[in-house]
Amino acid sequence: MRTDPRTLELALRKQRLQLRAASQRADLSWRLEGVDATLDRVNGVREHFAWAKEQAPLLSLGALALLAARPRLSLRIAKRAWLGWLLYKRLRGTPAALLPVLAPALRLALRALKRALGDSAGSGSTPRRQRRTG
C-alpha cells in the first residue's frame with residue numbers, strides 16, 4: 001500500500017503545527033502565571049471591599065467610637081486615608097502594568113526602612129522615647 005506524497009507532506013505539516021501550538025500554549029501559560037496571581041489578589045481585595053460595604057453601619061459606629069476615644073489617632077488615620085485617596089485618584093489614569101512592578105519595589109523599600117530603624121534603635125546611642133497617641 002503506497003501513500004500519496006502530498007498526503008504524507010500534509011500529515012507532517014499538521015504534526016509540526018500541532019507541536020508548535022502545544023509549545024505556544026505552554027509558553028503562554030508560563031507567562032500568565034504572574035498575571036493569575038495578581039488577579040487573585042485583586043479579587044480578594046474586591047471581596048474585602050464588598051464586605052466593608054455590607055458592614056457600613058457597624059464600621060461607622062466603630063469609627064465614631066475611635067473618634068471619641070482617640071481623637072488624635074483618628075485625625076492621623078483620616079489624614080492618611082485622604083492622602084491615599086488622592087494618590088489613588090492621581091494614579092488611576094496610569095497603566096495597570098505598573099502595579100505588579102510597584103508592589104515589590106514598595107515591599108523592598110519598607111523592608112529596608114524597617115532594617116534601618118531596627119539598626120538605629122539597637123545602637124544604644126539614645127534611649128527611645130515613647131510616643132503619646134492620645
Side-chain angles (χ1 to χ4, degrees):
M1 173 174 202
R2 290 186 66 188
T3 58
D4 184 26
R6 175 125 171 92
T7 307
L8 183 60
E9 182 184 327
L10 288 174
L12 287 173
R13 184 170 183 222
K14 178 183 175 184
Q15 187 178 23
R16 281 193 299 266
L17 287 173
Q18 287 174 336
L19 289 172
R20 187 170 153 198
S23 171
Q24 288 174 346
R25 275 194 302 274
D27 182 50
L28 186 62
S29 67
W30 178 76
R31 290 174 188 260
L32 289 178
E33 283 179 4
V35 173
D36 191 35
T38 303
L39 290 177
D40 286 342
R41 287 189 197 117
V42 168
N43 284 339
V45 168
R46 287 180 67 197
E47 289 173 5
H48 285 10
F49 278 123
W51 175 86
K53 191 175 180 180
E54 292 171 4
Q55 304 297 327
L58 185 63
L59 293 174
S60 298
L61 285 175
L64 289 175
L66 179 66
L67 181 62
R70 304 269 185 165
R72 284 187 181 171
L73 178 63
S74 302
L75 182 61
R76 197 174 324 134
I77 291 172
K79 284 180 188 177
R80 289 178 184 171
W82 178 251
L83 288 174
W85 173 252
L86 292 176
L87 181 64
Y88 168 74
K89 287 194 60 123
R90 175 161 288 193
L91 292 178
R92 206 160 96 190
T94 61
L98 289 177
L99 292 177
V101 175
L102 290 177
L106 185 59
R107 205 173 297 130
L108 286 173
L110 287 174
R111 273 193 217 135
L113 184 61
K114 282 182 182 178
R115 264 189 301 227
L117 290 175
D119 291 343
S120 67
S123 66
S125 59
T126 59
R128 287 185 79 178
R129 291 184 347 179
Q130 285 193 346
R131 293 177 60 182
R132 292 181 6 186
T133 58

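Worth saying up front: this structure is predicted, and the values here are computed from it rather than measured.
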request  = Please name the pair of heavy atoms, one in Leu59 and one in Ala52, separated by the smallest distance, quoted to 0.1 Å.
outcome  =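 Residues Leu59 and Ala52, closest heavy atoms: CD1-O, 3.6 Å.
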
query = Distance from Leu28 atom CG to Glu33 atom CD, nearest 0.5 Å?
reply = 11.0 Å

task = Evaluate the side-chain contact (heavy atoms from CB on, under 4.5 Å) criterion for residues Arg80 and Ile77: first the C-alpha distance (whole Å), next the side-chain angles of each, then the deciding distance (0.1 Å), finally the verdict.
result = CA-CA 5 Å; Arg80 289 178 184 171; Ile77 291 172; 5.8 Å; no

query = So Arg76 and Leu73, side-chain contact (heavy atoms from CB on, under 4.5 Å) or not? Walk me through it.
reply = CA-CA 5 Å; Arg76 197 174 324 134; Leu73 178 63; 3.9 Å; yes

inquiry  = Here's a test for you: under side chain to side chain contact (heavy atoms under 4.5 Å, CB included), which of Gln15, Lys14, Glu9 qualifies with Leu12?
reply    =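 Option passing the side chain to side chain contact (heavy atoms under 4.5 Å, CB included) with Leu12: Gln15.
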
query = Taking side chain as C-beta onward, heavy atoms only, is Arg16 less than 4.5 Å from Leu19?
reply = no

inquiry  = Apply the hydrophobic cluster definition, ILVMFWY joined by side-chain contacts under 4.5 Å directly or through others, and give me every member besides Leu17.
reply    =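 Members besides Leu17: none; it forms no cluster.
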
request  = List for me each residue that meets side-chain contact (heavy atoms from CB on, under 4.5 Å) alongside Asp4, sequence neighbours excluded, and say none if there are none.
outcome  = Arg6, Thr7

note = Sequence neighbours excluded, the answer for side-chain contact (heavy atoms from CB on, under 4.5 Å) partners of Leu39 is Val35

key: Residue pairs, two or more places apart or on separate chains, that pass side chain to side chain donor-acceptor pair (under 3.5 Å) and touch residues 41-68   = none

ask   = Among all residues two or more places apart in sequence or in another chain, which pass the side-chain hydrogen bond (donor to acceptor under 3.5 Å, both in side chains) test with Asp27?
value = Arg31

